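Along the sequence shown, residues are numbered consecutively beginning with 1. Please read these numbers as outputs of a predicted model, since none were measured by experiment.
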Amino acid sequence: MSVHKPAIQMQDVRLRRGGSWLLKGIDWRVELGEQWALLGPNGAGKSTLLTLAAATTHPTSGTVELLGERMGRTDVRRLRERIGEVDSLLDRKLDNSYDVSTIVLTGATGTRIPLWERYDEQVKDRAAMLLDLFGCADLATHPLGICSQGERQRVLLARALMSEPRLLLLDEPAAALDLPAREALVAALEALAASDSELTTVMATHHLEELPRSTTHALLLHGGELVASGPAEQTLTSEALSRCFAIPIEVTRRDGRWLAHAPAGWRRG
């Protein structure tokens, strides 16, 4: 009989860098197939928490288990093959002269240059399927360098899924996107959730408006500490968001999407 393992399990996790504690006493459990939002102001610890979830950083104390493997007791290189990432750092490292199809194919080998001998027809078919899923099929032969920022983000999303990861981490994927590009990205994330019910995602953002309707859970951070965590409907509340961002916030929901704003007349003191 198989024992169910969560996608992410953190217990009393603390992370110190230099003389500062970046994370303090984090307890977090993410079940397979859940779609999490990770919210907080600048410096809250969102990106740091994602590095732990990506198996690229070890905690100073506490335990981290990812996809059933405990950090410190497993081969992290093999573990990282099961985790997909989309972040601005990777975007800057990619070769803009490669066409979009080639960029996506490199996700199958986790490399920045193509390893053509390892891309059989099945791999190429998956790349084409993912580009179609995210509305980028017509960009396949275009150099990455001429794509808009919104198109690039969807291409990076397709690339991150080439290795069929069970955990997908997105660090502010809508940053610097205009409204049409943001909405195209949100639609792509909703399509992804509908197409693969077993994929677990964690998306870090500052803005509720960037969250797809498929979001199931949320974790709120402030100053490296947990403010709230749990089902989205119970966590993305005016009271919890006000504590998280340290200003009065009113949260509403319309057509399955969340909206947040400060009340009329509010001014920072």
Side-chain angles (χ1 to χ4, degrees), residues 1-18 21-36 38 45-95 103-120 122-124 126-127 130 156-171 173 192 196-204 217 219 224:
M1 180 177 177
S2 63
V3 178
H4 170 71
K5 298 286 187 179
I8 300 173
Q9 175 80 65
M10 297 187 187
Q11 294 180 305
D12 195 24
V13 164
R14 298 171 184 270
L15 183 68
R16 186 182 182 93
R17 192 167 293 159
W21 287 101
L22 304 184
L23 295 172
K24 295 169 277 188
I26 302 296
D27 292 314
W28 187 25
R29 184 183 176 98
V30 176
E31 301 293 348
L32 293 169
E34 292 178 344
Q35 316 295 314
W36 279 74
L38 177 56
K46 300 186 301 297
S47 294
T48 302
L49 189 59
L50 284 184
T51 65
L52 290 171
T56 56
T57 301
H58 288 261
T60 304
S61 63
T63 61
V64 176
E65 294 185 13
L66 305 171
L67 301 171
E69 303 289 340
R70 183 164 173 173
M71 292 286 286
R73 299 182 182 177
T74 190
D75 183 345
V76 293
R77 292 170 300 178
R78 296 290 299 274
L79 178 57
R80 287 172 191 154
E81 292 175 359
R82 302 163 62 197
I83 302 172
E85 295 182 81
V86 176
D87 60 40
S88 57
L89 233 107
L90 171 63
D91 189 9
R92 292 195 293 269
K93 292 178 180 178
L94 294 174
D95 189 334
I103 290 292
V104 173
L105 283 170
T106 63
T109 45
T111 56
R112 280 181 273 164
I113 60 172
L115 303 180
W116 293 109
E117 68 278 6
R118 294 177 58 181
Y119 306 146
D120 58 20
Q122 185 176 359
V123 172
K124 292 176 182 178
R126 179 167 176 79
L130 289 168
L156 287 177
L157 188 55
R159 182 186 184 278
L161 292 166
M162 277 300 295
S163 62
E164 300 187 67
R166 293 300 81 204
L167 175 60
L168 176 66
L169 308 174
L170 305 107
D171 194 359
L192 175 60
D196 188 349
S197 62
E198 296 182 0
L199 177 66
T200 308
T201 65
V202 180
M203 173 177 159
H217 292 73
L219 183 148

Residue Glu117 excluded, over 12 heavy atoms near CD under 6.0 Å:
yes

Roughly how far, to the nearest 0.5 Å, is the CG atom of Leu161 from the CZ atom of Arg159?
11.0 Å

First locate atom CE of Met10, then atom CG of Asp12, and finally report the distance between them rounded to the nearest 0.5 Å.
12.5 Å

Applying the side-chain contact (heavy atoms from CB on, under 4.5 Å) criterion to Leu169, which one of Thr201, Val86, Ile83 satisfies it?
Ile83

Does the side chain of Val202 come within less than 4.5 Å of Leu49's, by heavy atoms?
no

What I want to find out is whether Asp75 reaches Arg80 closely enough, with some N-O distance under 4.0 Å, to be called a salt bridge.
no

For Gly72 versus His58, what's the shortest heavy-atom pair and its separation?
N-CE1, 3.8 Å

Distance in Å, Leu199 CG paired with Glu164 CD, rounded so as to fall on 0.5 Å steps
10.5 Å

Please check: side-chain N/O of Glu65 versus main-chain N/O of Thr63, any donor-acceptor pairing under 3.5 Å?
no

Find the distance between CZ (Arg16) and OG1 (Thr60) and round it off to the nearest 0.5 Å.
8.0 Å

Any heavy-atom pair between the side chains of Pro165 and Arg82 that's under 4.5 Å?
no

Asp171 (side chain) donor-acceptor with Ser47 (main chain) under 3.5 angstrom:
no

Check whether the side chains of Glu34 and Thr200 place a donor and an acceptor atom closer than 3.5 Å, and report yes or no.
no

Taking all non-hydrogen atoms of both residues into account, name the closest pair between Pro173 and Ala204 and its distance.
CD-O, 3.8 Å

Under the side-chain contact (heavy atoms from CB on, under 4.5 Å) test against Leu66, which residue among Leu79, Leu52, Val30 passes?
Leu79

Ignoring hydrogens and geometry beyond distance, is a side-chain donor-acceptor pair present between Thr106 and Arg112 at under 3.5 Å?
no

Is there a side-chain contact between Gln35 and Met203 (heavy atoms, below 4.5 Å)?
no

Angle class for the Trp36/His217 ring planes (parallel below 30°, perpendicular above 60°, tilted otherwise)?
parallel

Rounded to the nearest 0.5 Å, what separates atom CG in Leu15 from atom CH2 in Trp21?
8.0 Å

Return the CG to CG distance between Leu130 and Leu157, rounded to the nearest 0.5 Å.
8.5 Å

Is it true that a side-chain atom of Thr74 and a backbone atom of Val76 form a donor plus acceptor pair closer than 3.5 Å?
no

Does the side chain of Val13 come within less than 4.5 Å of Asp27's, by heavy atoms?
no

Minimum side-chain heavy-atom gap Trp116-Leu105 below 4.5 Å
yes

